[in-house]
Each structure stands twice: as structure tokens, then as C-alpha cells.
Amino acid sequence: MATYEPFWVRWATRRVIGWVAGAAALAAVTAALASVAQHAAVVAARPETADLYTYSLVGHVAAITLLGCAAVFVASVLRSQGHLVLSAVVVVATGFGTMTVVAVPLRWSLVASSSGDTVWWWHLVVGTVVVAVLGVWCHVVAPAPTPDAPRRRPSPDMLFVLVATVAFVGCWNFSWQLQESPGVLPALGWAALAAGGAVAASTASWRVPLVALVLTGVALAVMAWAYLRQGGWPTVAGWEFNGMESPVVLSARVCAVALAGPVAGALLRMTSHAIGHRRHAVLDAVGV
């Protein structure tokens, strides 16, 4: 006699498999690109030096995979809340912006084609692959849609734009005196992730900001371990030949901005609920 498996059990199993498969796919893409790039840089450096400094591939893969987990979690919550456009913005901005460090040079000819970065089309190709992985991953693991919540002010779109603007200004390298800060694309990625976390947390239970904070915090810690070094800029394995550096993606301001998004959303939700309870208490007191 066949036993009936509840739908929620099947869905939970699908989500667990989706998380494992999505993380594995992103890790595989990152590892393949970084290992080939590092090998090419070492080979190209051998005529001049046999002591080329290379970063930990394990650290790089772990950092990108954890960052992908944080982005997919935020995007999946937004998707379940009905914010499909905001969810897509988080995925695209993170893939093409913050994860631009995945687009390491594959060949020495690519390394030599620019004074400090790879050619634009290579970023476009790799970014498209990364966004595709994140998008499918998000679609598979997104929770079931939640009932429509009462509209709060500011609206989700307004809140997203407001937080993203503040976060971008806080992250962007807008002054030569602040060189060790992200450029435009990485700053846009961090801003979108922070804004998405704020919107997701503003209408969800306390578990959402907590999980978002934990995932983002762990990702930032691993990125610091993988990319930062004493006296040097944050960079990535395979980008160091001839003093060339990868896009800067991490700084103290980035850490503050990335963690502040879910916190701001949680505080907004608490404030909204407190105001709502107070309003109901006043109405009950006057007999309305």
C-alpha cells in the first residue's frame, strides 16, 4: 500500500536539493574560472619570477558561494512576497556587480589587453552565466507565495530605492582619497543586496532578517579571509601579475552597509507593528 507524502514534505525536499545544487553549481563555475586563471598567471610569471603570490582558491570559492547563498535567500523571500521585479534586481545586480570578481582572466592575452582589468565582454559572458545560475537557484528554492500583507508606508519600491541610494553612496569609490572601496558595479551590487534585505525583512517574520544577517555576515567574514592581506588591496586569485588588481569588492563601509539592510527592515517592521498596536489601543479606548 502506497503511503501519501504531504505536499509540504515534497516541497521541502525540493528546496533542500535546490540549495545544495545551486551552491554546487556556483562553486563549480567559480572554481573552474579561478583555477585556470591562477595557473595562467603563474605560467606567465615564470620567466621573471618563480615567487608569484596567489590567493587561496578554497577561500575564493567559499566566499563567492556564500555570497550567492545570501543573495538567493534575499531574492527568494522577495519573490515569495510578490516583489518579482525587486527579486530580479537583486539577482542581476549581485551577479554583474558584487560578483564581478568571478570574471577572472582565462588567458594571458586577456590579462594583457587592459592595464588593470579584463575586457568588457568577458565580464558580460561570465556575469550572464552567474546570473543564470542565481536565477534558476532562486526559482527552485523560493518559498510558496505569502498572503498579501497590508500596504505599509513607505511602499516596498520606495523603501528599496531609498535604502539602495543610501547604500550606494556609502559604498562607492567616489573620491581618490577613498581608493580602497568598491567601484560603481560592485557598489551597485552591494546596494541592491542591502535594499533587498531591508524590503524582505520589513514584511516578514524575525527569522528572515536573522537568516539574512547570518548568511551575509559569514560571507563577509570569509571574503575578508580570502581577499584581504596586510598592506594590499582586496583581490582574487590569478589577478596579481605585474601589479594588476581585480575589482575591489570589500571594505569596512561595505560590511556596515551590507549588514545594515536587514537590520533597517526589521526595525521598520517593529516600528510599524508598534504603531499599529498603539492605534488599535487608542481606538478601543474611545470605543471605535
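The figures here come from the full heavy-atom set of this structure, side chains too, leaving out hydrogens, waters and symmetry mates.
- Following chains of ILVMFWY side-chain contacts shorter than 4.5 Å, one can reach V72 starting from L215, so the two form part of one hydrophobic cluster.
- By the side chain to side chain contact (heavy atoms under 4.5 Å, CB included) test, L220 is found to be paired with W190, T216, L250, V254, C255, A258, L259, residues two or more places apart in sequence or in another chain being considered.
- Note: the hydrophobic cluster containing V257 does not contain L86 (ILVMFWY, side chain heavy atoms under 4.5 Å, direct or indirect links).
- In this structure, CG on L67 lies 4.0 Å from CE on M99, to the nearest 0.5 angstrom.
- Applying the ring-ring contact (aromatic ring centres under 6.0 Å, His included) definition to pairs two or more places apart or across chains, none involves residues 193-222.
- Annotation: side chain of V208 is not in contact with side chain of P262 (no heavy-atom distance under 4.5 Å).
- For the atom pair T94 OG1 and L193 CG, the distance stands at 5.0 Å (nearest 0.5 Å).
- Between V74 and A212, the closest heavy-atom pair is CG2-CB, 4.5 Å.
- V249 places a side-chain heavy atom less than 4.5 Å from the side chain of M223.
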Exercise. Would V85 and L78 satisfy side-chain contact (heavy atoms from CB on, under 4.5 Å), going step by step from the backbone distance to the final call?
Worked result: CA-CA 9 Å; V85 174; L78 291 173; over 6 Å; no
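- Between H83 and P156 the shortest side-chain heavy-atom distance falls below 4.5 Å.
- Minimum heavy-atom separation, L159 to S202: CD2-OG, 3.8 Å.
- Applying the side chain to side chain contact (heavy atoms under 4.5 Å, CB included) test to V131 and every residue at least two apart in sequence or in another chain returns V91, V92, F96.
- Taking the side chain to side chain contact (heavy atoms under 4.5 Å, CB included) definition, one finds that A88 meets it with nothing, sequence neighbours left out.
- Linking ILVMFWY side-chain heavy atoms closer than 4.5 Å, directly or via other members, places V90 and V263 in a single hydrophobic cluster.
- Taking the side chain to side chain contact (heavy atoms under 4.5 Å, CB included) definition, one finds that A266 meets it with P209, sequence neighbours left out.
- Between the side chains of T30 and H60, not a single donor N or O lies within less than 3.5 Å of an accepting N or O.
- Residues A93 and L188 come closest through the heavy atom pair CB-O, 4.1 Å.
- Hydrophobic clustering, with ILVMFWY side chains joined whenever heavy atoms are under 4.5 angstrom apart, keeps V20 apart from V133.
- Of all non-hydrogen atoms in L33 and V102, the two that sit nearest each other are CD1-O, 3.6 Å.
- Under a hydrophobic clustering in which Ile, Leu, Val, Met, Phe, Trp and Tyr are joined whenever their side-chain heavy atoms come within less than 4.5 Å, directly or via other members, V199 and L84 fall into different clusters.
- Annotation: side chain of C171 is not in contact with side chain of P186 (no heavy-atom distance under 4.5 Å).
- Contact record, V140 with R15: O-CG, 4.2 Å, taken as the closest heavy-atom pair.
- In terms of heavy atoms, G170 sits closest to R253 at O-NH1, 3.1 Å.
- V161 has its side chain out of reach of D157: every pair of non-hydrogen atoms, C-beta onward, lies at least 4.5 Å apart.
- No side-chain heavy atom of S87 sits under 4.5 Å from any side-chain heavy atom of S76.
- Inter-residue side-chain proximity for V77 and Q81 is flagged as met; some heavy-atom pair is nearer than 4.5 Å.
- Residue pairs meeting the ring-ring contact (aromatic ring centres under 6.0 Å, His included) criterion with at least one member in residues 15-35, sequence neighbours excluded: W19-W137.
- Residues V136 and H139 fail the side-chain proximity criterion, which asks for heavy atoms closer than 4.5 Å.
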